[in-house]
Amino acid sequence: MSNILFQQRIKKLEELKKEGVALYPNTFRVDTTIFQFRKMFGEVDAQTLEQEKGPYSFAGRIMAVRNFGKAAFFHLQDRTGKLQAFIQKESTNNFFLLFKGLDIGDFVGIKGKPFRTKTNELTLLVEEICLLSKSLQPLPEKWHGLTDVETRYRQRYLDLIMNPAIRRVFEMRSATIQALRNFFLARDFFEVETPMMHPIAGGATARPFKTHHHALGIDLYLRVAPELYLKRLVIGGMERVFEINRSFRNEGISTQHNPEFTMLEFYQAYATYKDLMDLTEEMLSEVVKSLFGSLRIPYQGETLDFNPPWKRMSLRESLFSVGGFDSEFLRDPLKMRNFLETHSVTITDQENIGKLHTDLFEAIIEPQLIQPTFVINYPVEVSPLSRRRDDNPSEVERFELFIAGREIANAFSELNDPNDQKERFLKQLEEREKDADIPPEIDEDYIRALEYGMPPTAGEGIGIDRLVMLLTDSPSIRDVILFPLLRPELKG
RNA sequence: GAGCCGCUAGCUCAGCUGGUAGAGCAUCGGAUUUUUAAUCCGGUGGUCACAGGUUCGAAUCCUGUGCGGCUCACCA
């Protein structure tokens with residue numbers, strides 16, 4: 001590190017050391033947060049404050065300094081906010097010793113009492129100050145802060161120091177997950193953790209990450225979904241289970257996709273996909289209400305309205321009512337192909353009617369579904385784990401929830417017929433592109449589990465990252481993941 | 001994987017049709033005991049992402065590479 005600012009700080013560090021200052025002590029005790037301090041004295045007038053002796057002790061990072069030679073103002077930032085402190089020669093015994101050697105970015109402990117400045121700002125009069133940890137790297141500029149997105153993602157700690165708003169995003173993320181967990185616990189669901197490393201990649205068709213276990217001498221796959229394990233638990237008698245955890249998909253990266261992402265999956269025996277629609281409305285409106293106190297929230301210039309009931313339409317209906325296609329068109333593979341090609345959708349030769357309909361849906365309908373909308377009754381070809389409809393076996397009992405033009409949830413009545421399941425697995429295997437990295441295997445144990453009998457069950461997956469994007473008005477999934485995956489930096 | 005855009009001081013940014021790099025903040029030295037992006041005076045700081053090419057001369061034009069952003073593809 002050749003930069004001069006770094007060298008200057010190393011020099012200061014050595015000078016402090018020479019003076020006998022402990023550079024990284026851990027003996028300072030904090031008794032007050034900045035939030036608590038404001039709560040206690042935020043409304044108290046200057047005269048009354050004079051009676052207040054303290055001392056109160058705080059710790060945090062120095063974020064700005066305004067120096068007057070024999071006195072100075074500075075901002076201290078802790079996890080709860082920023083506070084102005086005033087330090088002066090006459091009332092701080094180690095003023096000269098320390099203050100000369102301090103830099104913006106250093107952690108300090110301060111003790112003192114509250115007062116109000118001429119401009120009536122609540123301020124701490126510092127009676128004692130000590131260095132807690134030296135910052136050798138200079139922080140970004142105080143006014144513009146850190147805006148370079150690459151640096152914000154690579155050095156998220158800097159982003160968190162400089163941009164308080166990003167901290168609020170992750171507080172919202174935590175609160176969302178907490179609210180979801182409480183929702184399920186209150187309804188007698190059982191929280192579990194199932195394997196991340198699978199001998200056979202199943203539960204979705206995305207390409208998996210591959211790894212190797214040396215002692216066992218076998219290849220393993222990071223899970224693309226927890227689905228098949230959670231349903232084994234239902235078979236085992238866990239009639240209501242949920243898991244909130246990571247899945248991994250070895251696919252492209254975009255504003256909607258990170259290779260590792262967080263999913264909520266839950267299964268409820270003796271329920272149907274229709275029950276889950278009701279449950280989902282209840283769940284998300286409860287979460288939104290608890291976070292915002294309202295069911296209408298802003299997202300990227302739109303207002304999302306979570307007031308139930310939400311619109312429900314079949315995939316076919318949506319092609320008519322939202323897409324404006326007619327039934328003749330929807331029966332004609334050639335016309336649909338031509339149409340899709342003019343909308344630059346790439347299609348393979350062996351696509352059937354069902355796949356063409358979902359292509360049309362994804363290209364034309366999905367982006368238009370801004371308000372929460374359930375789309376139901378998908379073709380069986382694109383739903384290998386879903387139960388067929390009794391009145392139309394070419395379709396399945398399934399819904400996807402769309403909000404702001406994006407898929408947020410996917411749910412279905414589960415296929416619990418082991419013979420049908422095995423046939424669909426085999427069909428899937430036939431259609432899958434050959435990939436040397438993924439052996440053509442089906443999960444025989446899952447079939448065996450089904451043969452013991454799975455109760456009629458409905459299950460759902462919700463993309464937590466995408467949900468948090470909506471709740472925090474974030475345009476990119478990287479804004480709601482603390483450390484999104486990036487290519488490694490070049491060294492030197 | 002493809003297309004478009006970007007990369008200049010620690011940070012935020014200027015830098016025109018090519019003439020040899022600038023501002024603000026930060027930092028260093030000085031002044032300053034009520035500031036709020038404090039103020040005033042004086043300094044330090046650059047392999048212009050990297051590598052080639054064109055040219056008397058390249059931050060600037062061309063080619064390639066790296067990293068990032070957006071869009072598309074992939075992700076039933």
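Quick caveat, the model's predicted, so the values are computed rather than measured.
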Please give, in whole Å, the distance from B:rU35 P to A:Leu125 CG?
16 Å

At less than 4.0 Å, is any side-chain N or O atom of [X] found next to OP1 or OP2 of [N]? Yes or no.
| X | N | result |
| --- | --- | --- |
| A:Arg9 | B:rU27 | no |
| A:Arg66 | B:rA38 | yes |
| A:Thr147 | B:rU12 | yes |
| A:Arg116 | B:rU35 | no |
| A:Thr255 | B:rU71 | yes |
| A:Thr205 | B:rA76 | yes |

If I take atom CD1 from residue A:Ile34 and atom CG from residue A:Asp78, how far apart are they, to the nearest 0.5 angstrom?
3.5 Å

Take atom P in B:rG64 and the same atom in B:rC75, then report the distance between them in whole Å.
30 Å

No-H, no-angle donor-acceptor pair, A:His257 side chain to B:rC75 base, under 3.5 Å:
yes

I'd like to know if A:Glu150 reaches the base of B:rG69 with its side chain such that a donor and an acceptor end up less than 3.5 angstrom apart.
no

Does the structure place the NZ or CZ of A:Arg9 under 6.0 Å from the centre of the six-membered ring of A:Phe6, at an angle of no more than 45° from the ring's axis?
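Ring-cation test returns no.
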
Would A:Arg398 pass as a cation-pi partner of A:Tyr378, given that its NZ or CZ must be under 6.0 Å from the six-membered ring centre and within 45 degrees of the axis?
yes

Applying a 4.0 Å non-hydrogen cut-off, can you work out what A:Glu121 is touching in the nucleic acid: base, sugar-phosphate, or nothing?
base

Pairing partner of B:rC4 (Watson-Crick or G-U wobble, both distances under 3.5 Å):
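Across any shown strand, B:rC4 pairs with B:rG69.
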
Under 5.5 Å between ring centres and under 30° between planes: does that hold for A:Phe68 against the base of B:rU32?
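No, A:Phe68 does not stack on the base of B:rU32, since the centre distance and plane angle fail the 5.5 Å and 30° test.
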
